[in-house]
Amino acid sequence: MSEAGSSIALVDVNNFYVSSERAFDPSLEGRPLVVLSNNDGCVITRSPEAKALGITMGTPWFRIAGQAQQWGLEVRSSNYELYGDLSARVMELLGRYTGNLEIYSIDEAFLTLPGPLRAQRVTGAEIRAVVRRNVGLPVCVGIASTKTLAKLANRWAKGNPEFDGVCHWDLVPEDNRRSLLQRLAVSDIWGIGAKNAQSLNALGIDSAWDLAAADPVAIRKRFSVVLMRTVLELQGTSCITGRESTGNEQVLYSRSFAAPVSTRHAMHQALSVYAQGAASRLARKDLQGRVLTAFAATSPFSSGRKSSPTVCVPLPAYTADPLELTRAADTLLPLIEEGVPYIRAGVIVTDLRPAGAQAMLLPPASATRKDTGPLLHDVGRRFGRSAIGLGHAGLKAGSEWTMKRDMLSPHYTTKWSELPVVKAR
DNA sequence: GAGAGGTAG
DNA sequence: GATTCTACCTCTC
């Protein structure tokens with residue numbers, strides 16, 4: 001898939017959420033800092049200093065909260081408004097360096113870089129400097145002939161300061177590459193998770209070097225095409241394509257509750273809020289959906305009876321109307337048992353189409369209320385998310401189940417009232 | 001086509 | 001006492 005004379009670069013922000021917090025609060029520099037998942041549930045990003053304390057990814061916050069003060073550990077709730085905005089700024093910059101930008105996640109992207117290998121490395125270094133200067137975030141760049149190797153090079157650059165944040169795999173001496181591959185466990189290769197790593201180990205394939213030496217056809221027979229592609233990529237044959245659709249296949253809005261919900265009444269409120277969350281996400285992406293799935297679930301960690309009621313219902317037409325979505329989500333309610341402690345619920349909208357196609361294909365869901373969605377969206381934007389909503393979604397105060405975000409930093413870049421103030425003298 | 005399983009960030 | 005969320009792909013039935 002890569003054209004002759006071009007390579008693939010993977011640009012990835014170092015500890016993205018932590019770096020975003022530090023970009024606006026330099027006092028966090030050099031200190032142990034973690035950012036928590038939604039609902040302040042568990043650790044999802046750590047500064048190097050926090051890693052040094054032995055805090056692992058996914059650690060539940062309650063398990064380390066008691067020691068935080070003694071460690072001098074700083075903690076923040078995740079501030080997706082801030083991270084999303086910084087991400088967009090980074091991606092815009094990256095787009096200036098390539099004709100082919102594939103945004104892979106909020107903090108990383110693949111770029112096709114043309115030209116001779118050394119020129120590619122120079123471009124990588126420039127990207128790093130420009131993102132640092134313009135957005136204030138540190139990135140590392142890995143460059144290679146395939147995505148899997150670019151990932152690997154990126155990881156190598158991150159761990160070794162002598163690379164200065166940029167590693168071009170094809171410019172590294174062969175001996176060094178071999179020794180890296182021999183030291184890298186298969187589970188650390190992009191695309192190989194715990195399950196496959198275990199099965200590979202059982203066959204005596206322990207390192208990336210071993211896997212690169214494996215026969216792709218044999219791997220395909222015993223495992224899958226996915227794993228075969230990884231082998232080919234390690235061997236230098238590019239075969240992992242970008243995601244086909246640039247738009248989403250589905251929109252999923254789900255949250256864990258701050259406290260378990262065990263009444264149909266509270267579940268009704270939550271579903272209503274989540275359906276409207278899904279509706280505004282659809283509106284932002286200018287999409288409409290035709291099928292809605294609603295679900296609730298009890299804790300997979302508790303010893304009690306587990307239950308995860310689900311409904312999947314067709315919508316009356318392609319729509320992003322919060323009223324329609326809310327009504328559809330409510331069909332889950334009869335399956336909700338009073339007294340059962342649900343800890344999570346969500347709404348998924350699938351079978352998506354661009355909203356623009358609507359007029360040609362089907363009449364709008366309902367002519368009289370087709371403007372409800374944009375109206376709610378607009379009012380919510382201007383006066384705050386809790387200013388307006390349907391039914392119980394217009395709650396000013398959070399009820400017992402709403403998300404915990406006790407340690408939130410300001411929305412430095414997305415709310416006028418929270419802009420950082422710079423004092424000059 | 002739906003659901004399960006796997007993987008990732 | 002307390003344990004994220006979103007999205008994709010492939011395989012199987």
Side-chain angles (χ1 to χ4, degrees), chain A residues 10-18 34-46 55-66 77-80 83-84 87 102-110 147-148 151 154-155 186-200 220-230 239-260 274 277-278 281 285 290-291 293 295 297-304 308 310-312 314 341 343-352 403-406:
Chain A
L10 173 68
V11 182
D12 180 313
V13 183
N14 304 349
N15 310 315
F16 181 44
Y17 300 167
V18 157
V34 297
V35 175
L36 303 179
S37 61
N38 272 337
N39 215 24
D40 292 345
C42 60
V43 172
I44 51 172
T45 318
R46 307 157 294 157
I55 298 169
T56 54
M57 202 67 164
T59 303
W61 170 238
F62 69 82
R63 204 182 283 159
I64 54 170
S77 303
S78 36
N79 186 343
Y80 285 108
Y83 311 148
S87 172
E102 185 196 337
I103 298 173
Y104 183 75
S105 74
I106 192 166
D107 77 325
E108 65 187 287
F110 290 104
K147 288 182 178 175
T148 304
K151 269 273 188 191
N154 182 285
R155 184 194 164 94
V186 278
S187 58
D188 288 335
I189 301 168
W190 184 49
I192 301 198
K195 281 283 188 328
N196 281 328
Q198 214 181 346
S199 312
L200 286 167
R220 176 180 189 156
K221 274 211 182 94
R222 200 182 282 261
F223 294 90
S224 64
V225 286
V226 181
L227 206 51
M228 180 193 70
R229 286 190 194 127
T230 299
C239 55
I240 296 181
T241 58
R243 294 201 253 278
E244 296 303 323
S245 51
T246 50
N248 310 52
E249 300 300 315
Q250 61 175 45
V251 162
L252 189 161
Y253 195 105
S254 116
R255 292 285 180 271
S256 294
F257 304 128
Y274 295 176
R281 205 171 284 174
K285 299 169 186 240
R290 192 68 208 272
V291 173
T293 303
F295 65 90
T298 52
S299 170
F301 304 103
S302 83
S303 50
S308 46
T310 304
V311 291
C312 184
I343 56 117
R344 192 167 103 93
V347 167
I348 310 171
V349 183
T350 48
D351 197 352
L352 305 182
M403 186 165 72
K404 252 193 297 200
R405 265 170 126 188
D406 293 340

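Side chains are part of it too, since the values below use all heavy atoms of this structure and drop only hydrogens, waters and symmetry mates. Residue numbers start from 1 in every chain, and the chains themselves are labelled A, B, ... in the order their sequence lines are given, proteins ahead of strands.
Nearest nucleotide to the side chain of A/Val225, out of C/dC11, C/dT4, B/dG9: C/dC11. Of the candidate nucleotides C/dC9, B/dG9, C/dT3, B/dG9 has the atom lying nearest to any side-chain atom of A/Lys151. Residue A/Gln250 places its side chain closer to C/dC8 than to any other of C/dT3, C/dC8, B/dG9. Checking C/dT3, B/dA8, C/dT4 against every side-chain atom of A/Asn38, the shortest atom distance belongs to C/dT4. Considering only the side chain of A/Lys195, B/dG6 comes nearest among C/dT10, B/dG6, C/dT4. Distances were taken from every side-chain heavy atom of A/Glu108 (C-beta onward) to each of C/dT4, C/dA7, B/dG9; the shortest belongs to B/dG9. Closest to the side chain of A/Asn196, from the set C/dT3, B/dG6, B/dG9, is B/dG6. Comparing atom distances between the A/Pro60 side chain and each of B/dG9, C/dT3, C/dT4 picks out C/dT3 as nearest. Proximity note for A/Tyr104 (side chain, C-beta onward) versus B/dA8, C/dC5, C/dA7: the nearest is B/dA8.
Rounding to whole angstrom units, CZ of residue A/Phe295 and C1' of C/dT6 are separated by 10 Å. Rounding to whole angstrom units, CG of residue A/Asp40 and C1' of C/dA2 are separated by 12 Å. In this entry the distance linking CG of A/Asp351 with P of B/dG1 reads 10 Å, nearest Å. Atom-to-atom, OH of A/Tyr274 to P of C/dT4 comes out at 12 Å; the value is rounded to the nearest Å. A straight line from CD1 of A/Ile240 to C1' of B/dA8 spans 12 Å, rounded to a whole angstrom. To the nearest angstrom, P of C/dG1 lies 19 Å from CH2 of A/Trp61. In this entry the distance linking OH of A/Tyr17 with P of B/dG9 reads 12 Å, nearest Å. In this structure, A/Leu10 atom CG and B/dG9 atom P are separated by 9 Å, rounded to whole Å.
Backbone-only engagement by A/Ile189 is indicated by non-hydrogen atom pairs under 4.0 Å involving sugar-phosphate atoms exclusively. Using a 4.0 Å heavy-atom cutoff across all strands shown, A/Ala194 reaches sugar-phosphate atoms only and no base atom. Across all strands, A/Ile106 comes closer than 4.0 Å to no nucleic acid atom at all (heavy-atom distances).
Taking side-chain N and O atoms only, A/Ser37 has no distance below 4.0 Å to OP1 or OP2 of C/dC5. For the pair A/Ser254 and C/dT6, the criterion of a side-chain N or O lying under 4.0 Å from OP1 or OP2 is met. Phosphate contact (OP1/OP2 of C/dT6, side-chain N/O of A/Arg281, threshold under 4.0 Å): present. Taking only side-chain nitrogens and oxygens, A/Ser78 never comes nearer than 4.0 Å to OP1 or OP2 of C/dT4.
With DNA chain C read from its 5' end, the first of the two nearest nucleotides for A/Phe62 and A/Phe223 is the one closest to A/Phe62. Heavy-atom distances to DNA chain C give each of A/Arg229 and A/Cys42 a nearest nucleotide, and the one nearer the 5′ end belongs to A/Cys42.
Put simply, OH on A/Tyr17 and CD1 on A/Ile106 are 4.5 Å apart, with the number rounded to the nearest 0.5 Å. Residue A/Met228 holds its CE atom at 16.0 Å from CZ of A/Arg222, rounded to the nearest 0.5 Å.
Between the A/Ser37 side chain and the A/Ile44 main chain, no donor and acceptor come within less than 3.5 Å of each other. For the pair A/Arg281 (side chain) and A/Val251 (backbone), a donor-acceptor distance under 3.5 Å is absent.
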**Study point:** CA sep, side-chain torsions, deciding dist, call: A/Asn38, A/Arg255, side-chain contact (heavy atoms from CB on, under 4.5 Å)
**Key:** CA-CA 8 Å; A/Asn38 272 337; A/Arg255 292 285 180 271; 3.7 Å; yes
Quiz item: Is there a side chain to side chain donor-acceptor pair (under 3.5 Å) between A/Thr45 and A/Asn15 once you walk through the steps?
Solution: CA-CA 6 Å; A/Thr45 318; A/Asn15 310 315; over 6 Å; no
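To the nearest whole angstrom, the two C1' atoms, one in C/dT4 and one in B/dT7, are 16 Å apart.
For A/Ile348, the side-chain contact (heavy atoms from CB on, under 4.5 Å) criterion is met by A/Gln250, A/Leu252, A/Thr293, A/Phe295, A/Thr350, not counting sequence neighbours.
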